[in-house]
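Take a look at the structure set out below.
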Amino acid sequence: MISKQAWQDAQLLWDFQLMKHEPRPCSVAIGLGSHDLGVADTTADLYHRGFAPLIVFTGATSRTTRDRMPRGEAEHYRERALELGVPASAILVEPRARNTGENIRFSRALLAEQGIDVSSVLLVSKPYEERRAYATARKLWPEVEIVSASTPTSFGDYVESIGNAQLVVDMLVGAQQRLLVYPADGFMIRVEVPAAVGAAYERLCAAGFTSRLIRAASDRSDRSTG
(Lines give C-alpha, C1' and ligand atoms only; values in the text may rest on other atoms or scores of the structure.)
Protein backbone atom coordinates (compact mmCIF):
# COMPACT_ATOMS: atom_id res chain seq x y z
CA MET A 1 0.00 0.00 0.00
CA ILE A 2 1.18 3.52 -0.80
CA SER A 3 0.52 6.16 1.84
CA LYS A 4 -1.58 9.23 1.16
CA GLN A 5 1.51 11.45 1.45
CA ALA A 6 3.48 9.31 -1.01
CA TRP A 7 0.59 9.34 -3.46
CA GLN A 8 0.38 13.14 -3.25
CA ASP A 9 4.14 13.44 -3.72
CA ALA A 10 4.06 11.11 -6.72
CA GLN A 11 1.26 13.22 -8.22
CA LEU A 12 3.51 16.29 -7.93
CA LEU A 13 6.31 14.53 -9.80
CA TRP A 14 3.84 13.27 -12.41
CA ASP A 15 2.47 16.77 -13.01
CA PHE A 16 5.97 18.21 -13.27
CA GLN A 17 7.06 15.68 -15.87
CA LEU A 18 4.21 16.60 -18.22
CA MET A 19 5.38 19.24 -20.70
CA LYS A 20 1.80 20.06 -21.77
CA HIS A 21 2.79 20.60 -25.40
CA GLU A 22 -0.01 20.73 -27.96
CA PRO A 23 0.63 18.18 -30.74
CA ARG A 24 1.51 19.78 -34.06
CA PRO A 25 2.78 18.42 -37.38
CA CYS A 26 6.43 17.36 -37.24
CA SER A 27 8.94 15.77 -39.60
CA VAL A 28 8.90 12.49 -37.69
CA ALA A 29 7.42 10.86 -34.59
CA ILE A 30 9.87 8.96 -32.38
CA GLY A 31 8.39 6.44 -29.96
CA LEU A 32 10.77 5.77 -27.07
CA GLY A 33 11.01 2.13 -26.07
CA SER A 34 9.80 1.04 -22.64
CA HIS A 35 7.62 -1.50 -20.87
CA ASP A 36 4.52 0.47 -21.88
CA LEU A 37 2.89 -0.45 -25.22
CA GLY A 38 0.73 2.63 -24.75
CA VAL A 39 3.63 4.58 -26.24
CA ALA A 40 3.14 2.64 -29.48
CA ASP A 41 -0.62 3.18 -29.33
CA THR A 42 -0.20 6.93 -28.90
CA THR A 43 2.43 7.16 -31.65
CA ALA A 44 0.14 5.29 -34.03
CA ASP A 45 -2.76 7.58 -33.12
CA LEU A 46 -0.67 10.68 -33.80
CA TYR A 47 0.35 9.22 -37.15
CA HIS A 48 -3.28 8.56 -38.11
CA ARG A 49 -4.19 12.10 -37.07
CA GLY A 50 -1.63 13.49 -39.49
CA PHE A 51 0.93 14.82 -37.01
CA ALA A 52 3.86 12.93 -38.58
CA PRO A 53 4.36 11.12 -41.92
CA LEU A 54 6.95 8.75 -40.48
CA ILE A 55 7.54 6.86 -37.23
CA VAL A 56 10.76 5.66 -35.64
CA PHE A 57 10.41 3.14 -32.84
CA THR A 58 13.60 2.85 -30.80
CA GLY A 59 14.66 0.48 -28.05
CA ALA A 60 16.34 -2.85 -27.32
CA THR A 61 15.36 -4.38 -23.96
CA SER A 62 15.84 -3.49 -20.31
CA ARG A 63 15.49 -5.42 -17.08
CA THR A 64 11.81 -4.46 -17.11
CA THR A 65 11.12 -5.60 -20.67
CA ARG A 66 13.39 -8.53 -21.49
CA ASP A 67 10.72 -11.08 -20.56
CA ARG A 68 7.62 -9.37 -21.91
CA MET A 69 9.27 -8.00 -25.06
CA PRO A 70 11.84 -10.64 -26.04
CA ARG A 71 12.15 -9.36 -29.62
CA GLY A 72 13.02 -5.89 -28.36
CA GLU A 73 10.92 -2.89 -27.43
CA ALA A 74 11.10 -1.24 -30.86
CA GLU A 75 10.03 -4.42 -32.65
CA HIS A 76 7.08 -5.00 -30.31
CA TYR A 77 6.08 -1.36 -30.80
CA ARG A 78 6.24 -1.86 -34.58
CA GLU A 79 4.06 -4.94 -34.37
CA ARG A 80 1.52 -3.05 -32.27
CA ALA A 81 1.44 -0.12 -34.71
CA LEU A 82 0.89 -2.49 -37.63
CA GLU A 83 -2.05 -4.01 -35.75
CA LEU A 84 -3.40 -0.47 -35.39
CA GLY A 85 -3.27 0.14 -39.13
CA VAL A 86 0.00 2.01 -39.58
CA PRO A 87 1.58 0.89 -42.89
CA ALA A 88 4.94 -0.84 -42.68
CA SER A 89 6.36 1.72 -45.10
CA ALA A 90 5.79 4.45 -42.49
CA ILE A 91 7.79 2.74 -39.72
CA LEU A 92 11.52 2.58 -39.11
CA VAL A 93 12.93 0.43 -36.32
CA GLU A 94 16.01 1.29 -34.28
CA PRO A 95 16.66 -1.87 -32.23
CA ARG A 96 19.89 -1.13 -30.34
CA ALA A 97 19.20 1.73 -27.91
CA ARG A 98 19.32 0.80 -24.23
CA ASN A 99 18.81 4.24 -22.71
CA THR A 100 17.18 7.56 -23.48
CA GLY A 101 20.36 9.14 -24.80
CA GLU A 102 20.88 6.25 -27.20
CA ASN A 103 17.22 6.45 -28.23
CA ILE A 104 17.87 9.99 -29.44
CA ARG A 105 21.36 9.51 -30.89
CA PHE A 106 20.62 6.25 -32.71
CA SER A 107 17.29 7.51 -34.08
CA ARG A 108 18.99 10.65 -35.34
CA ALA A 109 21.70 8.56 -37.04
CA LEU A 110 19.13 6.22 -38.61
CA LEU A 111 17.17 9.10 -40.08
CA ALA A 112 20.36 10.64 -41.46
CA GLU A 113 21.33 7.29 -43.03
CA GLN A 114 17.92 7.19 -44.70
CA GLY A 115 18.43 10.70 -46.07
CA ILE A 116 15.41 12.05 -44.21
CA ASP A 117 15.49 15.77 -43.46
CA VAL A 118 14.35 16.46 -39.90
CA SER A 119 13.44 19.92 -38.63
CA SER A 120 11.02 18.84 -35.89
CA VAL A 121 10.42 15.73 -33.79
CA LEU A 122 7.24 14.57 -32.11
CA LEU A 123 8.83 12.79 -29.14
CA VAL A 124 6.49 10.19 -27.67
CA SER A 125 7.29 8.79 -24.23
CA LYS A 126 5.57 7.52 -21.13
CA PRO A 127 3.72 10.40 -19.40
CA TYR A 128 6.04 10.39 -16.39
CA GLU A 129 9.14 10.78 -18.57
CA GLU A 130 8.11 13.61 -20.89
CA ARG A 131 10.35 16.23 -19.31
CA ARG A 132 13.28 13.84 -18.96
CA ALA A 133 13.01 12.84 -22.64
CA TYR A 134 12.62 16.47 -23.73
CA ALA A 135 15.67 17.60 -21.74
CA THR A 136 17.73 14.78 -23.25
CA ALA A 137 16.65 15.54 -26.81
CA ARG A 138 17.32 19.27 -26.41
CA LYS A 139 20.87 18.46 -25.35
CA LEU A 140 21.65 15.83 -27.98
CA TRP A 141 19.68 17.23 -30.94
CA PRO A 142 19.53 20.98 -30.29
CA GLU A 143 18.96 22.08 -33.88
CA VAL A 144 15.50 20.49 -34.20
CA GLU A 145 12.22 21.50 -32.59
CA ILE A 146 11.05 18.99 -29.98
CA VAL A 147 7.35 18.52 -29.30
CA SER A 148 6.62 16.22 -26.35
CA ALA A 149 3.71 13.80 -26.37
CA SER A 150 2.39 10.91 -24.32
CA THR A 151 -0.84 9.06 -23.68
CA PRO A 152 -3.42 11.49 -22.26
CA THR A 153 -4.27 9.99 -18.88
CA SER A 154 -4.36 10.79 -15.19
CA PHE A 155 -1.82 9.50 -12.70
CA GLY A 156 -4.39 7.25 -11.04
CA ASP A 157 -5.60 5.80 -14.32
CA TYR A 158 -2.05 5.19 -15.48
CA VAL A 159 -1.15 3.31 -12.29
CA GLU A 160 -4.28 1.21 -12.73
CA SER A 161 -3.40 0.44 -16.37
CA ILE A 162 0.11 -0.71 -15.43
CA GLY A 163 -1.13 -2.62 -12.39
CA ASN A 164 1.92 -1.90 -10.27
CA ALA A 165 1.89 1.33 -8.25
CA GLN A 166 5.31 0.64 -6.71
CA LEU A 167 6.89 0.34 -10.16
CA VAL A 168 5.33 3.57 -11.42
CA VAL A 169 6.35 5.59 -8.36
CA ASP A 170 9.86 4.11 -8.46
CA MET A 171 10.09 5.13 -12.12
CA LEU A 172 8.87 8.64 -11.31
CA VAL A 173 11.52 9.01 -8.64
CA GLY A 174 14.20 7.69 -10.98
CA ALA A 175 13.18 10.09 -13.74
CA GLN A 176 13.27 12.99 -11.30
CA GLN A 177 16.73 12.07 -10.04
CA ARG A 178 18.06 12.05 -13.57
CA LEU A 179 16.75 15.56 -14.12
CA LEU A 180 18.86 16.58 -11.13
CA VAL A 181 22.13 14.76 -11.86
CA TYR A 182 22.39 14.22 -15.60
CA PRO A 183 22.91 17.85 -16.68
CA ALA A 184 26.28 17.85 -14.90
CA ASP A 185 27.25 14.74 -16.87
CA GLY A 186 26.27 16.36 -20.17
CA PHE A 187 23.37 13.99 -20.80
CA MET A 188 20.59 16.61 -20.83
CA ILE A 189 19.93 20.33 -20.48
CA ARG A 190 19.47 21.83 -17.03
CA VAL A 191 15.91 21.94 -15.76
CA GLU A 192 14.65 24.27 -13.04
CA VAL A 193 12.88 22.17 -10.41
CA PRO A 194 10.28 23.88 -8.20
CA ALA A 195 10.93 23.60 -4.47
CA ALA A 196 7.70 21.67 -3.88
CA VAL A 197 8.70 19.08 -6.47
CA GLY A 198 12.17 18.75 -4.96
CA ALA A 199 10.70 18.23 -1.51
CA ALA A 200 8.27 15.60 -2.82
CA TYR A 201 11.17 13.76 -4.45
CA GLU A 202 13.16 13.76 -1.22
CA ARG A 203 10.19 12.41 0.77
CA LEU A 204 9.65 9.60 -1.74
CA CYS A 205 13.33 8.66 -1.57
CA ALA A 206 13.10 8.56 2.23
CA ALA A 207 9.97 6.43 1.95
CA GLY A 208 11.87 3.79 0.01
CA PHE A 209 10.89 4.38 -3.62
CA THR A 210 14.49 3.99 -4.68
CA SER A 211 14.83 0.96 -6.96
CA ARG A 212 15.43 3.17 -10.03
CA LEU A 213 17.91 5.55 -8.45
CA ILE A 214 21.46 5.87 -9.74
CA ARG A 215 23.65 4.70 -6.89
CA ALA A 216 27.09 5.82 -8.07
CA ALA A 217 28.58 8.21 -10.58
CA SER A 218 29.94 5.24 -12.52
CA ASP A 219 26.35 4.10 -13.13
CA ARG A 220 25.36 7.38 -14.80
CA SER A 221 24.93 6.03 -18.30
CA ASP A 222 21.12 5.97 -18.17
CA ARG A 223 20.97 2.24 -18.76
CA SER A 224 17.29 1.75 -17.98
CA THR A 225 14.63 2.59 -20.55
CA GLY A 226 11.90 0.53 -18.93
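- Both L32 and V28 belong to a single network of hydrophobic side chains, linked directly or stepwise wherever heavy atoms of I, L, V, M, F, W or Y lie under 4.5 Å apart.
- Counting heavy atoms from C-beta on, the side chains of L140 and R108 never come closer than 4.5 Å.
- Using a distance-only test at 3.5 Å, with no hydrogens or angles considered, a donor-acceptor pair links the side chain of R98 to the main chain of T61.
- Nearest heavy atom pair, residue L18 against residue S150, reads CD2-OG, 4.2 Å.
- Between T100 and A133, the shortest heavy-atom distance links the atoms CG2-CA, 4.3 Å.
- In this structure the side chain of I162 reaches within 4.5 angstrom of the side chain of H35, judged on heavy atoms.
- Judged purely by atom type and a 3.5 angstrom limit, T210 has no side-chain atom pairing as donor or acceptor with the backbone of L213.
- Atom CD of E192 has 12 or fewer heavy atoms from other residues, nucleotides or ligands within 6.0 Å.
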Determine all donor-acceptor pairs shorter than 3.5 Å in which one atom belongs to a side chain in residues 110-124; sequence neighbours excluded.
residue : atom : partner : partner atom : Å
S119    : OG   : S27     : OG           : 3.3
S120    : OG   : S27     : N            : 3.0

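- Closest heavy-atom contact between R24 and E145: NH2-OE2, 2.6 Å.
- With hydrogens and angles ignored, the 3.5 Å screen pairs a side-chain donor or acceptor of Y77 with a backbone N or O of S34.
- The side-chain tip of R178 does not point at the ring of F187 from less than 6.0 angstrom away and within 45° of straight on.
- Using cut-offs of 30° and 60° for the angle between ring planes, the F155 and W14 rings count as tilted.
- H21 places no side-chain N or O within 3.5 Å of a backbone atom of A149 that could act as its donor or acceptor partner.
- Other residues, nucleotides and ligands contribute over 12 non-hydrogen atoms within 6.0 Å of the CD atom of Q5.
- For Q17 (side chain) and P127 (main-chain N/O), no donor-acceptor pair under 3.5 Å exists by modelled atom type.
- Just one residue in the list I91, I55, T42, L54 forms a side-chain contact (heavy atoms from CB on, under 4.5 Å) with Y47, and that residue is I55.
- The shortest distance between side-chain heavy atoms of D9 and F209 does not fall below 4.5 Å.
- A donor-acceptor contact closer than 3.5 angstrom links the side chains of E73 and T65.
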